[in-house]
**Student:** 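Dropping a structure here in structure tokens format, bear with me for questions.
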Amino acid sequence: MSSSLDALNQWVAGVAALTKPERIQWCDGSDAEYRQLVDGMLTTGDLIALNPTTHPRSYLHRSNPSDVARVEHLTFVCTPREADAGPNNHWMDPAQAHAKVDALFDGAMQGRTMYVIPYCMGPIDSPIARCGVEITDSPYVVANMRIMTRMGAAALARIERDGSFVRGLHSTGDLDPDKRFIMHFPEELSIKSIGSGYGGNALLGKKCHALRIASHQARREGWLAEHMLIVGVEDPRGETHYIAAAFPSACGKTNLAMLIPTGGYAKDGWKVWTVGDDICWMTPGDDGRLWAINPEAGFFGVAPGTGANTNPNALATLAHDTIYTNVALTSDNQPWWEGLDDRVPAVDWQGRPYDKANGPAAHPNARFTVSARQCPSYTDKAEAAHGVPISAIVFGGRRPSLVPLVFEARDWTHGVLVGAAMGSETTAAATGAVGVMRRDSMAMKPFCGYNFADYFSHWLSFDKPGAKLPKIFHVNWFRKDTDGKFMWPGYGENLRVLEWIIRRVEGTARGIDTPIGTLPAPGGINVEGLALGQAAERALFEVDTEGWATEMTDIASYLDGFGDRLPRALRDEQQRMAAALANTAPRAWAQAV
């Protein structure tokens, strides 16, 4: 099999000449092909069949213990000029990068099958969607790409019609961490990844294409490729607002995207619809609004912490036809992870008899790959070619102090600053220390394919005559009290905050203007039935002006790192906020709220 597109055939032939595979297989995305891949991996031990009664057609994959998360320090953006990659990226000269990685690819697929995977990010017929081809020697990658993208014959047909595609080359190599590189060439629309079989390092349609390369495409073509969930919230009147929310990895995107109304909200008829849990592509429509698609077709979610109390929709989604990575097993071969239930696992994520002395049974970044269509709250609007209209954009991260539960930006420019200044504690989704506060602008620090200063300018450029832009908000579910306990219950109760956001979009909810933005007026957030206590409720909506003055100084220092390329409007907005805080009595807004 081959393609009618000469450029694709020539590229595949060139890769084969370099990597020297035993055979080449063009993937058609069929059920028969998937079954063949799974059977082969069951034979080699790359997959382990799970309990067929409790988890039919579901499997466990164990990655190399040195290959369990994104490797940001080995991820490069390769542009001719280092300044175009920006201080937010690791940079390498394209010629040097190609030479380094091609030397590792030389003969890397000897004795292996080379799979050619045509895929589409987004609904096949969507004008917002973009296509790519990943070449890999990993059947595990093929199986996951089939779940995570529109992969196979239909994607190839669109590629042949469009005549363009993102080129992704991947090999697990010998899984040597010293020979592991994830290289991005934005101006060439190409990716080369070697030495890892894990998630975003290997499923090149995900972070590599859908964010790093797509963000570059989006800037050039006038749209946005963002690390955001998309959720639809339908109120009792039957009106649905779609919200895009940017949180860093392992900070609750999937939980919010699959939120289930609780208590009175369920009784009153509120509904929540899942469009996507991780990536959002937004483009201006003819009506001036931003319209969004989820470019993915599946969920590659973090398993630990997912349970009946946190995300019952996720558990229902995972009931069948799921690939798990690095979870533990019970004695009857069911997948298990911390936060699932009170059972004691029998085997840990490395295949050893479980011993708590060895650490968590499931790796903290253990994952599941599953079709989005299996989610009980999935909406067919996710397949709409034109996308869904975005009413609000929400930023948020893990901040144990200072940042209130929710506030609204006063305008688009202020909202861009709020996103640019966003901070969060690091999680196990990337290698390195956990729990360290860092700036993670728009939750895109690991994923923006070009200089953040230019990225901020691109965001600001959408504020033009005729635009009907979403309102921008910031949330913080992770505020802690003096005992280190979370003040806000989170999960399903987050609908209370989304309700206020929606009513602000509609112009029916009152707010209090503060130096950092608009907070809910007293009684604006429905807390009926929550045992918060007056102290916690006050702290959740406190604006500590002294603390925020220090935060503004830190934000200014962060922005200074982008030099003269930083848009002046962002610097002016930071200085405006700093001046407003300086002219406000300490903790005055805590008294008001």
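All figures in this text were calculated on a predicted structure; none of them were measured in a lab. All residue numbers refer to positions in the sequence shown, counting from 1.
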**Student:** Would you list the atom pairs, donor with acceptor, under 3.5 Å between side chains in residues 120-134 and any protein atom, with sequence neighbours excluded?
**Tutor:**
{"from": "Ser126", "atom 1": "OG", "to": "Ile128", "atom 2": "N", "distance (Å)": "3.1"}
{"from": "Ser126", "atom 1": "OG", "to": "Ala385", "atom 2": "O", "distance (Å)": "2.6"}
{"from": "Arg130", "atom 1": "NE", "to": "Glu221", "atom 2": "OE1", "distance (Å)": "3.3"}
{"from": "Arg130", "atom 1": "NH1", "to": "Pro127", "atom 2": "O", "distance (Å)": "2.9"}
{"from": "Arg130", "atom 1": "NH1", "to": "Ile128", "atom 2": "O", "distance (Å)": "3.3"}
{"from": "Arg130", "atom 1": "NH2", "to": "Glu221", "atom 2": "OE1", "distance (Å)": "2.7"}
{"from": "Glu134", "atom 1": "OE1", "to": "Leu204", "atom 2": "N", "distance (Å)": "3.1"}

**Student:** Between Ser164 and Asp162, do the side chains contain a donor N or O and an acceptor N or O under 3.5 Å apart?
**Tutor:** no
**Student:** Where does the angle between the aromatic ring planes of Tyr450 and His216 fall among parallel (under 30°), tilted (30 to 60°) and perpendicular (over 60°)?
**Tutor:** perpendicular
**Student:** Should the ring pair His363 and Trp349 be called parallel, tilted or perpendicular, given that the plane angle runs from 0 to 90° and is split at 30 and 60?
**Tutor:**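 Geometry flag for Trp349 against His363: perpendicular rings.
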**Student:** Any chance the side chains of Asp137 and Ser171 put a donor and an acceptor closer than 3.5 Å?
**Tutor:**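 The criterion, which ignores hydrogens and geometry beyond distance, is satisfied for Ser171 and Asp137.
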**Student:** Can you find a side-chain donor-acceptor pair between Asn365 and Arg367 that sits under 3.5 Å?
**Tutor:** yes
**Student:** Have Thr172 and Arg112 got a donor and an acceptor in their side chains that come within less than 3.5 Å?
**Tutor:** yes
**Student:** Give a yes or no on whether Asn309 atom CG has more than 12 heavy-atom contacts from other residues, nucleotides or ligands under 6.0 Å away.
**Tutor:**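 It does not: Asn309 CG has 12 such atoms or fewer within range.
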**Student:** Hey, could you give me the CG/CD distance between Asn294 and Glu383, rounded to the nearest 0.5 Å?
**Tutor:**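 These two atoms lie 9.0 Å from each other.
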**Student:** Does either side chain, that of Gln374 or that of Thr317, offer a donor lying less than 3.5 Å from an acceptor on the other one?
**Tutor:**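 Result is no, nothing qualifies.
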**Student:** What verdict does the salt bridge (Lys or Arg N to Asp or Glu O under 4.0 Å) test give for Asp277 and Lys253, after you've listed the backbone C-alpha separation in whole Å, the side-chain angles of each residue and the deciding distance to 0.1 Å?
**Tutor:** CA-CA 6 Å; Asp277 79 324; Lys253 288 195 305 298; over 6 Å; no
**Student:** Taking atom types as modelled, is there a side-chain donor on Thr113 or Glu22 under 3.5 Å from an acceptor on the other?
**Tutor:**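 No pair is found: no donor N or O on one side chain lies under 3.5 Å from an acceptor on the other.
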**Student:** Do Asp348 and Gln350 have side-chain atoms, one donor and one acceptor, less than 3.5 Å apart?
**Tutor:** no
**Student:** Please check this pair: side chain of Gln36 against backbone of Ala32, looking for a donor-acceptor N/O pair closer than 3.5 Å.
**Tutor:** no
**Student:** Is there a donor-acceptor contact under 3.5 Å linking the side chains of His227 and Asp278?
**Tutor:**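 Yes, side-chain donor-acceptor contact under 3.5 Å.
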**Student:** Would you kindly say whether Ser196 and Asp67 are connected by a side-chain donor-acceptor distance under 3.5 Å?
**Tutor:**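 Yes, because at least one side-chain N or O of Ser196 sits under 3.5 Å from a partner of the opposite role on Asp67.
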**Student:** Under 6.0 Å from the six-membered ring centre of Tyr378 and within 45° of its axis: does the NZ or CZ of Arg373 meet both?
**Tutor:** no
**Student:** Within 45 degrees of the axis of the six-membered ring of Phe447 and under 6.0 Å from its centre: does Lys207 put its NZ or CZ there?
**Tutor:** yes
**Student:** Under 3.5 Å, is there a donor-acceptor pair linking the side chains of Thr306 and Asn311?
**Tutor:**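 No, Asn311 and Thr306 have no side-chain donor paired with an acceptor closer than 3.5 Å.
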**Student:** Is the closest side-chain heavy-atom distance between Leu329 and Pro345 below 4.5 Å?
**Tutor:** no
**Student:** How many angstroms lie between atom CZ of Phe76 and atom NE2 of His90, to the nearest 0.5 angstrom?
**Tutor:** 7.0 Å
**Student:** Are the side chain of Glu226 and the backbone of Ala246 linked by a donor-acceptor contact shorter than 3.5 Å?
**Tutor:** no
**Student:** Using the test salt bridge (charged side-chain N to carboxylate O under 4.0 Å, His left out), find all partners of Asp39 that sit at least two apart in sequence or belong to another chain.
**Tutor:**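 For Asp39, the residues satisfying salt bridge (charged side-chain N to carboxylate O under 4.0 Å, His left out) (neighbours in sequence not counted) are Arg35.
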**Student:** Would you say the side chains of Asn326 and Ser63 form a donor-acceptor pair under 3.5 Å?
**Tutor:**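 On atom types as modelled, these side chains qualify, holding a pair under 3.5 Å.
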**Student:** Report yes or no: does Trp337 contribute a side-chain atom to a donor-acceptor pair with the main-chain N or O of Ala303 at less than 3.5 Å?
**Tutor:**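 Flag set: sc Trp337 to bb Ala303 pair under 3.5 Å.
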**Student:** Does Met422 reach the side chain of Ser441, with side-chain heavy atoms less than 4.5 Å apart?
**Tutor:**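 No, their side chains stay 4.5 Å or more apart.
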**Student:** Measure the acute angle between the ring planes of Phe562 and Phe452, then classify it against the limits of 30° and 60° as parallel, tilted or perpendicular.
**Tutor:**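 It falls in the perpendicular class, over 60°.
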**Student:** Is the count of non-hydrogen atoms from other residues, nucleotides or ligands lying under 6.0 Å from Lys20 atom NZ greater than 12?
**Tutor:**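 Enclosed.
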**Student:** How about Tyr324 and Thr369: does a side-chain donor come under 3.5 Å of a side-chain acceptor?
**Tutor:**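 There is no such pair between these side chains.
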**Student:** To the nearest 0.5 Å, what is the distance between OG1 on Thr54 and CG on Asn51?
**Tutor:** 3.5 Å
**Student:** Working to the nearest 0.5 angstrom, can you tell me the gap between Lys100 NZ and Asp93 CG?
**Tutor:**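 So the gap between those two atoms works out to 12.0 Å.
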**Student:** Decide whether Arg219 and His458 meet the rule of one side-chain donor and one side-chain acceptor closer than 3.5 Å.
**Tutor:**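 There is no such pair (donor and acceptor under 3.5 Å, judged by atom type) between the side chains of Arg219 and His458.
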**Student:** Look up atom CZ in Phe456 and atom CE in Met442, then write down how far apart they are to the nearest 0.5 Å.
**Tutor:**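 Rounded to the nearest 0.5 Å, the CZ-CE separation comes out at 6.0 Å.
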**Student:** CD1/Ile117 to CH2/Trp26 distance, rounded to the nearest 0.5 angstrom?
**Tutor:** 12.0 Å
**Student:** Is there a donor in the side chain of Trp281 and an acceptor in the side chain of Gln217, or the other way round, less than 3.5 Å apart?
**Tutor:**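 Their side chains do not contain a donor-acceptor pair, so the 3.5 Å distance test is not met.
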